[in-house]
Amino acid sequence: MTTPNQLRDAYQDVKDRIANAAAKVGRKPKDVLLIAVTKYATPDQIRMLVDMGQMDLGESRVQQLEKRVAGLSEFLSRKRTLGSASTREDIDITQAATHVRWHMIGHLQRNKAKQIVNLVDLIHSVDSLRLAEELHSIGSKRDKPIDILLQVNASGETTKSGVAIPAVIHLAEQIDSMINLRLRGLMTMAPQTDDQGLIRATFERTFEVFEEVKKLGVGGKYFTALSMGMSDDFELAIECGANLVRVGSALFGDPEPGEDEVD
Ligand SMILES: *Cc1c(COP(=O)(O)O)cnc(C)c1O
């Protein structure tokens, strides 16, 4: 269990490490957006972090996300920080926001997509044409397109979801033709390994295909986000070009046994 002071220190430490990693490759701290992954956090910890100015929050499970959003929105309406998005934020999702934004980062089943589309600002985990089509159909009932990232499996691990590298461009083009979706970039997860070289290679391949899609003009001016890096590897990801990092345990501590509930 993390105490308030530990959380404050951990938050500052993560922000410092992001700034240092960015500086190492000639980028500014504000070029990298931190998403605090709250799956192992307590409601109190989430409120504290928002009070410290952390606006981007991420969850990996539908049921947990719904619970978190509901729990926090009551707190936010008391604080009145739930403003509307500015136009600038709308164009570049990698820029800091002045209101809380939720990110869906975990695997999304098609039959659960409807439950979360209106709760989140960005879905990082679109990993198939069928899920994209489902979201496109849901999106027809909204007044604003659904912002998504295409999840790439750059490590080739069969246990990981995501689109294989050779299929990325074609799928990105298909998604780009769906008017109820807005393709904002790519997401990847590093392989489960201590081999830093392998992790780096995964991030580098994802960066390459990100640049390729961008060069082709797919997604247009909205295609700006590269989401990669977690607690163990976010510095390496930033060196390889990530501008969104998804950090959980480095902020909130490691999960206690049994805490990882399934929905
Ligand atoms: C849990 C999770 C994270 C954060 O992981 P940590 O190692 O705790 O930082 C990032 N991305 C996804 C998709 C996750 O499920």
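Order of listing sets the numbers, starting from 1, for every ligand and every atom in it. Values below: every heavy atom of this structure, side chains too, minus hydrogens, waters and symmetry copies.
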> Taking 4.0 angstrom as the limit, do Arg130 and Glu134 come out as a salt bridge?
Replying inline: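 Salt bridge between Arg130 and Glu134, a charged N being under 4.0 Å from a carboxylate O: no.
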> Can Asn180 and Arg142 be counted as having a side-chain donor-acceptor contact under 3.5 angstrom?
Replying inline: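 Not at all, the side chains of Asn180 and Arg142 share no donor-acceptor pair under 3.5 Å.
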>> Can you tell me if Lys221 has over 12 outside heavy atoms packed within less than 6.0 Å of its NZ?
In response: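 No, because the 6.0 Å sphere around NZ of Lys221 holds 12 heavy atoms or fewer from other groups.
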Validation: residues 196-218 side-chain donor-acceptor distances under 3.5 Å, sequence neighbours left out:
{"from": "Arg200", "atom 1": "NH2", "to": "Glu239", "atom 2": "OE1", "distance (Å)": "3.2"}
{"from": "Thr202", "atom 1": "OG1", "to": "Leu198", "atom 2": "O", "distance (Å)": "2.8"}
{"from": "Thr206", "atom 1": "OG1", "to": "Thr202", "atom 2": "O", "distance (Å)": "2.8"}

> Under the side-chain contact (heavy atoms from CB on, under 4.5 Å) test, which residues partner Asp194, sequence neighbours left out?
Replying inline: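 By the side-chain contact (heavy atoms from CB on, under 4.5 Å) rule, Asp194 matches no residue at all.
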> With sequence neighbours left out, what residues match Gln12 under side-chain contact (heavy atoms from CB on, under 4.5 Å)?
Replying inline: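 Scan of Gln12 (side-chain contact (heavy atoms from CB on, under 4.5 Å), adjacent residues dropped) gives Lys15, Asp16.
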> Who's touching ligand 1 if we go heavy atoms under 4.0 Å?
Replying inline: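 Heavy-atom contacts below 4.0 Å: Val37, Lys39, Ser60, Ile105, Met189, Met230, Ser231, Arg246, Val247, Gly248, Ser249.
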